[in-house]
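Comments concern the structure below.
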Amino acid sequence: TQLDAAAREAAAEFQFAPVRVDGRTLFHVAGLASTIPAEQRSDRIAARIVALAEDPASDVAKLRIETSGGVRTIVHGSQLIVAVTEPDAALSGVDVDTAALAYVERMRVAIAQYRAEREPGSLRNSALRVAAAVAAAALVVAFLLWALRVVDRALERRYHDRIQTVGVQSFEIVRAERIRGVIRGSISFLRLVVLAIVLFALLDYALLQFPWTRQTALGLLGAVVAP
């Protein structure tokens, strides 16, 4: 189809970058390295959306679409927010009018979320969730460390019983010592792994709760899941 052909042509000539606000991707835009790189363009668009969200006097219902040739310009008052081009629309496999309508709706939702998440009540709830997560993490760590201590003591008792059984057979004692060392080393390693996993999960969860740190949390998670 014509849209598929446009998408393939755009992919061959343009770079693409996501427009993100508070770590959430609203849409992707195209750019040319020789003029305006996609990353630079997406950063500018995101900054305009944030500026609009931070202005309590701005009404997102006043976002409108203006037509100029093959470009659809989304504006608020006299302020340009984003110019939706055919390569932008080709990313989603839709025409430029449909893409512009979708951009407006996503921006309205993003601005509403931006403002709501910075309300005192929302921030207080986020802090309470983090406090509850810290308490839960402490309980989980305490239980897991207790379980590992129980296993360690059980193995220690078994080791002593084994020593008493073999008596003066030194080669058996040496063998038992080696096994004991390996097991105790493994338990110590497990303790470190448990602590690292719980602390990372707690940190990432805490960062996700606040709009200013959400992108950092997503970056950390992405680095671990897909390094």
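For the pair V104 and R108, the minimum side-chain heavy-atom distance is below 4.5 Å. V29 has its side chain within reach of V19: a pair of non-hydrogen atoms, C-beta onward, lies under 4.5 Å apart. A 4.5 Å side-chain heavy-atom check between V96 and T85 finds every atom pair outside the cut-off. Residues M107 and V82 have side chains in contact (heavy-atom distance under 4.5 Å, counting atoms from C-beta outward). Within the 4.5 Å cutoff, side-chain heavy atoms of L63 are placed close to those of I74. I49 has its side chain within reach of L26: a pair of non-hydrogen atoms, C-beta onward, lies under 4.5 Å apart. In this structure the side chain of R44 reaches within 4.5 angstrom of the side chain of I36, judged on heavy atoms. Looking at R72 and D97, their side chains come closer than 4.5 Å, going by heavy atoms from C-beta outward.
Taken together through direct or relayed side-chain contacts under 4.5 Å among Ile, Leu, Val, Met, Phe, Trp and Tyr, V141 and Y205 form parts of separate hydrophobic clusters. Both V194 and W146 are part of a single hydrophobic cluster, where members link through side-chain heavy atoms under 4.5 Å apart. A continuous path of Ile, Leu, Val, Met, Phe, Trp and Tyr side chains, each step under 4.5 Å between heavy atoms, connects V60 with F27, placing both in one hydrophobic cluster. Taken together through direct or relayed side-chain contacts under 4.5 Å among Ile, Leu, Val, Met, Phe, Trp and Tyr, L192 and F143 form parts of separate hydrophobic clusters. F189 and I197 end up in the same hydrophobic cluster when Ile, Leu, Val, Met, Phe, Trp and Tyr side chains are linked at under 4.5 Å.
Proximity of a side-chain donor or acceptor of H76 to a complementary backbone N or O of D59 within less than 3.5 Å is detected. With hydrogens and angles ignored, the 3.5 Å screen pairs no side-chain donor or acceptor of R20 with any backbone N or O of A46. Put simply, the side chain of S42 gets close to the backbone of E39: a donor and an acceptor are under 3.5 Å apart. In this structure a side-chain-to-backbone donor-acceptor pair under 3.5 Å is present from R115 to D55.
A salt bridge links D22 with R118: at least one charged nitrogen is closer than 4.0 Å to a carboxylate oxygen. The pair E117-R24 meets the salt-bridge criterion, since a charged nitrogen lies less than 4.0 angstrom from a carboxylate oxygen. Remark: R41 engages D88 in a salt bridge, criterion side-chain N to carboxylate O under 4.0 Å.
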Point to revise | Residue pair S122, N125: steps toward the side chain to side chain donor-acceptor pair (under 3.5 Å) verdict | key: CA-CA 5 Å; S122 178; N125 289 337; 6.0 Å; no
Check your understanding: Going through the distances and angles, do V71 and T73 end up as a side-chain contact (heavy atoms from CB on, under 4.5 Å)?
Key -> CA-CA 6 Å; V71 177; T73 305; 4.1 Å; yes
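Distance check, rounded to the nearest 0.5 Å: CD of Q209 to CG of L123 gives 11.5 Å. For the atom pair L199 CG and D204 CG, the distance stands at 12.5 Å (nearest 0.5 Å). Taking CD1 of I81 as the start and CZ of R64 as the end, the distance is 10.5 Å to the nearest 0.5 Å. Between the CD1 atom in I65 and the OG1 atom in T67 there is a gap of 8.0 Å [rounded to 0.5 Å]. Put simply, CG on L91 and CD on E86 are 12.5 Å apart, with the number rounded to the nearest 0.5 Å.
For the residue pair A38 and A30, the shortest heavy atom distance occurs at CB-C, 4.2 Å. Summarising the geometry of R48 relative to L80, their closest heavy-atom pair is CD-O, 3.1 Å, with the distance given to 0.1 Å. Nearest approach of V84 to Y103, heavy atoms of both residues: CG2-CD2, 3.4 Å.
With sequence neighbours excluded, no residue forms a side-chain hydrogen bond (donor to acceptor under 3.5 Å, both in side chains) with R106.
Cluster partners of L208 are L218, counting Ile, Leu, Val, Met, Phe, Trp and Tyr whose side-chain heavy atoms approach within less than 4.5 Å, directly or via other members.
The aromatic rings of F14 and F16 sit tilted relative to each other, their planes meeting at an angle between 30° and 60°.
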